[in-house]
Protein chains: 2
Amino acid sequence: METLALPPQATQVGLAVDVAAFAMHGGELQVLLVQRGELPHARDWALPGGFVHPGEDLHEAALRELRTETSVTLEPRHLEQFYTFGAPGRDPRGRIVSVAHLAVLAHGTVDVTGGGHTLGAGWFPAHRPPALAFDHAAILARALGRLRVRLDYAHLALEFLPDTFTLPELQRVHEAILDRPLDKRNFRKRLLAQGLLVPSGERRSGVGRPAQLYRRAKGAKAAAL
Amino acid sequence: METLALPPQATQVGLAVDVAAFAMHGGELQVLLVQRGELPHARDWALPGGFVHPGEDLHEAALRELRTETSVTLEPRHLEQFYTFGAPGRDPRGRIVSVAHLAVLAHGTVDVTGGGHTLGAGWFPAHRPPALAFDHAAILARALGRLRVRLDYAHLALEFLPDTFTLPELQRVHEAILDRPLDKRNFRKRLLAQGLLVPSGERRSGVGRPAQLYRRAKGAKAAAL
DNA sequence: CAGGGCAAGTGTCTCCATGACACGAACTGT
DNA sequence: ACAGTTCGTGTCATGGAGACACTTGCCCTG
């Protein structure tokens, strides 16, 4: 291919990624936030994110920001771009366009300590977040909508759980994302009918009758939109 | 708000929009393409698009490019962003990120003559396009997928038609987008059950029995994803 | 070790949406 | 008036979704 200069009318903008990363803790859907250490919006909570490096893919950039800003070392179970926010006034530093990503972290991803330019990181209830910097409240709202759509559609709920899990646990993931209760029998019927789950051993849950453990069937992956 | 400089690590990239604009002509789904007049890819067909101006919203930029590159003066009936393409090597001129948009143009938008830096513009069968510049074949493929999803979901088919239309015409829009035939009786049943269509006068279509004309019901708009 | 507490697990019925399927009705042009 | 062409219509079978209550199995306490 030819090597050519950018034409003069090519507006140069700052290119950023922001990541709405979700996980289940304590039966609730939580979102990962960082406390900003720099202006603008210093000390405010925000979605982890930052500028894309030269030569770096958008996907890679989202992964890197997730890792460096939150000390999350695990690979996210799911990561996809879902919307690009580019309104002229959205960042006081100038024209910055942010490609927003949705991430799902496996169960057990609890310890987050912050890093990079942040003062810290933490989990917050996804449906009732604190005040957020920039337009991150709008980004989070749209991420939740996307998560809900993906639920039925791409079996995303399984990504929130460890390799082996019980049906009531899986049901709680669905309920947390949809933010409404589901009927136990109908839920089991529907999920088992899809043939994605295979039973294994058994386990006790402290109180009550022990629940059957399941594992995801081998040949089970879903298509992207 | 504060006014601050961009931090040094903020990669500057060229910000572009590309538009996959669809319309129905001759019972087929068509996509609007322009013939490039400049390097790279001079004389190749491409989706209309170009660089976002400073201070311009992404949505506005998509509208402007559609108008100036194709002499389409009509407001599109639908315009939404659907994916952002930002792989480092996608444009030989440097790092250029393109926010791809999906547009639906009303029936009757036929005369396109090109403009701006193009050699011309024209309609092409959306499911069998010619070879395209850059990664525009991938953009078009994803646009078609999105169009299919939006069909059931946001009543997008109506936007392809004039204010008043017949049910067979509407069915042809669905068939063109889904690229498969539909059963006439089931289609009518389903669409009329939604209560979005109201009948009006009648009209003859040259040959065959005249078809009932419909208009969209007043209080009918759908939500975005 | 008996009984209470607690969560897991299970089946039926109804309702609605979808898809398969064939013929008569209304108009045009020759 | 006849042929050609397109519009318009109903039934049945099937499958998925949602409402709904009781029994099972384990733990803990007395």
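Keep in mind that the numbers below use all heavy atoms, side chains included, and drop hydrogens, waters and symmetry copies. On a predicted model such as this, the values are computed, not experimentally measured, just so you know. Letters A, B, ... mirror the listed sequences (proteins, then strands); counts begin at 1.
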Side chain proximity check, A:F165 to A:L197, heavy atoms < 4.5 angstrom: yes
Checking A:Q35 side chain against A:G120 main chain: does a donor-acceptor pair fall under 3.5 Å? no
Using side-chain heavy atoms (C-beta onward) and a distance below 4.5 Å, is A:P210 in contact with A:R203? no
With sugar-phosphate taken as primed atoms, P, OP1 and OP2 and all else as base, the protein-contact string of nucleotides 21-30 of chain C at under 4.0 Å (heavy atoms; B, S, -) is BB-BBBSS--
Of A:L79, A:V99, A:V17, which meets side chain to side chain contact (heavy atoms under 4.5 Å, CB included) against A:H59? A:L79
Is there a side-chain contact between A:V19 and A:T70 in this structure, where contact means two heavy atoms from C-beta onward sitting under 4.5 Å apart? no
Spacing of A:E175 atom CD relative to C:dA7 atom P, expressed in whole Å: 14 Å
Test your reading of the model: is there a side-chain donor-acceptor pair from B:Q212 to the backbone of B:P199, 3.5 Å cut-off? no
Length of the CG-P vector between A:L178 and D:dA17, whole Å: 13 Å
Could you check which residues of residues 166-174 of chain A get a heavy atom under 4.0 Å from DNA chain C? Sort them by number, please. A:P168, A:R172
Does B:F82 have B:R146 sitting over its ring (NZ/CZ under 6.0 Å from centre, angle to axis within 45°)? no
Send over the distance from A:R188 CZ to D:dT23 P, rounded to a whole Å. 18 Å
Using whole Å, report how far CD of A:Q194 lies from P of D:dG15. 16 Å
Grab the CZ-P distance between B:R203 and D:dG8 for me, whole Å please. 11 Å
In terms of side-chain heavy atoms of A:R190, which of D:dA17, C:dT18, D:dG8 is nearest? D:dA17
Before you tell me yes or no, could you show the steps for A:R36 and A:E69 under salt bridge (charged side-chain N to carboxylate O under 4.0 Å, His left out), namely the whole-Å CA-CA distance, both residues' side-chain angles and the distance that decides it to 0.1 Å? CA-CA 10 Å; A:R36 290 179 56 82; A:E69 287 208 330; over 6 Å; no
